[in-house]
2 protein chains.
Amino acid sequence: MGGGPDKEHLLITMWEPEPKHITAELKRRFPYFDITYIPVQRKERQLSDSGRDVPDELWNSATILITLATLPSTPEKVPNLKLIHLLSAGVDHILNHPVLTSSTIPVTTSSGIHGPPITEWVTMTALIASRHYWTEYEWQKQRHWETDRKKLVSGTDWVGKTVGIAGYGSIGRQVARVFSALGSSIHAYTASPRDTPSARADHGYFLPGTGDPDGTIPSAWYSGTSKTALHTFLASGLDMLVIALPLTPATRGMFGTAEFEIVAHSSNKPRKGKGCFLVNIARGGLLDQSALVKALNDETLLGAALDVTDPEPLPEDDPLWDAKNVIITPHVSALGSEYSERAYDLFMTNWTRHEEGKKMFNLVDRRKGY
Amino acid sequence: MGGGPDKEHLLITMWEPEPKHITAELKRRFPYFDITYIPVQRKERQLSDSGRDVPDELWNSATILITLATLPSTPEKVPNLKLIHLLSAGVDHILNHPVLTSSTIPVTTSSGIHGPPITEWVTMTALIASRHYWTEYEWQKQRHWETDRKKLVSGTDWVGKTVGIAGYGSIGRQVARVFSALGSSIHAYTASPRDTPSARADHGYFLPGTGDPDGTIPSAWYSGTSKTALHTFLASGLDMLVIALPLTPATRGMFGTAEFEIVAHSSNKPRKGKGCFLVNIARGGLLDQSALVKALNDETLLGAALDVTDPEPLPEDDPLWDAKNVIITPHVSALGSEYSERAYDLFMTNWTRHEEGKKMFNLVDRRKGY
């Protein structure tokens, strides 16, 4: 008997076919893993409450579970489970599941790998809006080379603009990095104060060469969970507000009519006179969606780019589809061919840290809800 | 008689109505300027060979001319002219005009102010292509929230990619800044070698907080005007090639079948396997356009984003409109509501340097053609 680690039974449940190069890499790095890969049904995008595709004996023997949203019906079914690694960034979709509420099994998320693709979605949609790209796209479809200057809608660029980022995690930090490169100033908003270098640093997982590891990009920080604190941030003169917060009971409906009016009034400075563009890449429930529709239609807000809505899918007759200057995509901002590999890389980094007795990244605090 | 500067007669000819806040600022900074603003006709976008809208006595007394493309028919008409400041970045459209060929009147361009808007166009179109945004836009028009993962075309992001930039002026440098922030490596290509810190630095005009002033962003530099030098750059494993070179007799038709094959072969590495995306924001004549259509249609190239074509306007029956994976816009990448103000700011900076006996930015070298 050597001093090697115990056998582990890694159970992976995911809707995709087994990514063989990834499971091979897992086996290479952790030879003591037995790996079972179960492809599961997938009906809706966000939620799953069912582990019916997984036989009970597999639940019973599993010591590590990697999944997006497939859990056994009760924690009693997984007596040997010592870690759940979620392939999603958020945990809100399973937070009320018995396995979370009635057990203390550690849960880690894939938060940290979403920064680059989601930031690219934010950048793309902000530029599509600020440059009026839709007009150009329709011209191209008609093979029409426009020469009338009056029709050459010119838009504005992001030099000298101010971008407010609510939630300064791995996504917010990468948005800050890119818009800072475009020439904008960054105002960050966080629940807890960031008044020391250590508090400003990113202690979570992030892809090398991305983000704002030391938290040095923002020219101003705002913090606090009170309405007043939020409103002070929103009144700081924002040309764009990017919502990158977790959805928790405390943040649900956080942005409504009052908030849209404050941010619009503050951004509507004579020098800029353009109003504020709103971006939501977090969860639809963070916004009061009827208030958003109204703020778009009466041009309180300059426009919005939404990758998330409430509910999802957004019903065909929802008035949000008809709101002025809105870009809507079906919760795709994090997707990309690099996603799986990075999510499993994060797990491997975390398991190595666990082996070395270090604290893992992205351990979910069930009380906070993220 | 004080020691102040002589009276100057600044003549401005432009198709826009007089921007009063700008002419007021010119008068405030240079009280000894007499300013005449002549709005001129504008039929085509790129070219004008006519100064017919300007009376001869104004040509005769003008000492400074600010224009996009309005010149007198001969240099004899402007005996007192000591500077022509162009509101465009390029000078190719008037390089063969008698006023340039038969006089030594200094000409300055507005090169340097185009970095941010053109970079935003490059970033937007590259992201539209890499994220397959057109599909999402059409879904939105149909009020369709897609949930079928197979249809949720995922694309790739720019972390770990390599972006080649041909022409490392103010535009190339800002593209480098932004794609570096997105996580890409930058390979720069320039005609002259950049083997010292001073050679790598930006000695031209640029907007504060933008670009790559010290030339420290590229991880690799390639230089030389020979085919071999160009091909070495193109073979360096590029996921995107951005053409940001001036159009001169030496660069016309610089990119053709051989170049597209080299860049595609080199980018088509097993790890990436995605081929190379081509971006042209300079001039259509830099490319062999039929070769480009072929390289797109046979998928040698992954796609292209073109803000410039040859000719412009691109005729409705041009096969380029039908090429695979092409984004075409009607020479709009530099446009924006900030344009005029920045172009005049550049002139004011330059005239102040002239007053102080310093060399002006962006003096055109008629022999080089830029």
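Lettering follows sequence order; numbering is per chain, from 1. Please read all numbers here as calculations on a predicted model, not as lab measurements. Worth knowing before you read on, the calculation uses all heavy atoms, side chains too, and leaves out hydrogens, waters and symmetry mates.
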Enquirer: Verify side chain to side chain contact (heavy atoms under 4.5 Å, CB included) between A:Gln174 and B:Val159, making sure each step is shown before the conclusion.
Expert: CA-CA 11 Å; A:Gln174 179 65 1; B:Val159 174; 5.5 Å; no
Enquirer: State the OG1-CD1 distance between A:Thr125 and B:Ile128, to the nearest 0.5 angstrom.
Expert: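 Answer for the OG1-CD1 pair, A:Thr125 versus B:Ile128, is 10.0 Å.
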Enquirer: If contact means a heavy atom pair closer than 4.5 Å, which residues of residues 134-142 of chain B contact chain A?
Expert: B:Trp134, B:Glu136, B:Tyr137, B:Glu138, B:Trp139, B:Gln140, B:Lys141
Enquirer: Tell me, for B:Ile327 versus chain A, whether the close heavy atoms (under 4.5 Å) come from the side chain, the backbone, both or neither.
Expert: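 Looking at B:Ile327, backbone and side chain both touch chain A.
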Enquirer: Return the set of residues passing side chain to side chain donor-acceptor pair (under 3.5 Å) with A:Ser111 (not counting sequence neighbours), or none when no residue passes.
Expert: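 Partners of A:Ser111 by the side chain to side chain donor-acceptor pair (under 3.5 Å) criterion come out as none, since no residue qualifies.
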Enquirer: Could you tell me which residues satisfy side chain to side chain donor-acceptor pair (under 3.5 Å) with A:Asp214, sequence neighbours excluded, listed by chain and number?
Expert: none
Enquirer: Which atoms form the tightest heavy-atom contact between B:Arg143 and A:Asp318, and what is the distance?
Expert: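 Taking every non-hydrogen atom into account, NH1-O, 4.0 Å.
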Enquirer: Taking every non-hydrogen pair under 4.5 Å, which of A:Leu207, A:Thr210, A:Thr309 racks up the most with chain B?
Expert: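 Maximum pair count with chain B is reached by A:Thr309.
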Enquirer: Mark yes or no for whether A:Arg131, through its side chain, and B:Gly336, through its backbone, hold a donor-acceptor pair below 3.5 Å.
Expert: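 It does not hold such a pair.
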Enquirer: Of all the residues in residues 113-124 of chain A, which have a heavy atom that comes within less than 4.5 Å of a heavy atom in chain B?
Expert: A:Pro116, A:Pro117, A:Glu120, A:Trp121, A:Thr123, A:Met124
Enquirer: What is the minimum heavy-atom distance between A:His331 and B:Trp145, and which atoms define it?
Expert: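 For A:His331 versus B:Trp145, the nearest heavy atoms are N-CZ2, 3.7 Å.
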Enquirer: Heavy atoms only: give me the nearest B:Pro313-A:Thr147 pair and the separation to one decimal.
Expert: CG-CG2, 3.7 Å
Enquirer: Non-hydrogen atoms of chain A under 4.5 Å away: do they reach the side chain of B:Ser180, the backbone, both or neither?
Expert: backbone
Enquirer: Quick one, B:His132 and A:Val332 - any side-chain contact, counting heavy atoms below 4.5 Å?
Expert: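 Heavy-atom side-chain distance check fails, nothing below 4.5 Å.
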Enquirer: For B:Thr329, is it the side chain, the backbone, both or neither that has a heavy atom under 4.5 Å from a heavy atom of chain A?
Expert: both
Enquirer: Select one option (side chain, backbone, both, neither) describing which atoms of B:Asp307 are under 4.5 Å from chain A's heavy atoms.
Expert: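 The backbone, not the side chain.
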Enquirer: Which one of B:Gly155, B:Gly183, B:Ser130, B:Gly211 has the most heavy-atom pairs closer than 4.5 Å to chain A?
Expert: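 Ranked by contacts with chain A, first place is B:Gly155.
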Enquirer: When only pairs under 4.5 Å are counted, which of A:Ala334, A:Ala181, A:Pro315 shares the most heavy-atom pairs with chain B?
Expert: A:Ala181
Enquirer: Please classify the contact of B:Arg177 with chain A as side chain, backbone, both or neither, using a heavy-atom distance under 4.5 Å.
Expert: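 When you check distances to chain A, atoms from both the backbone and side chain of B:Arg177 fall under 4.5 Å.
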Enquirer: Search all heavy atoms of A:Asp157 against all heavy atoms of B:Arg342 and return the closest pair with its distance.
Expert: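 Heavy atoms of A:Asp157 and B:Arg342 come nearest at OD2-NH1, 2.8 Å.
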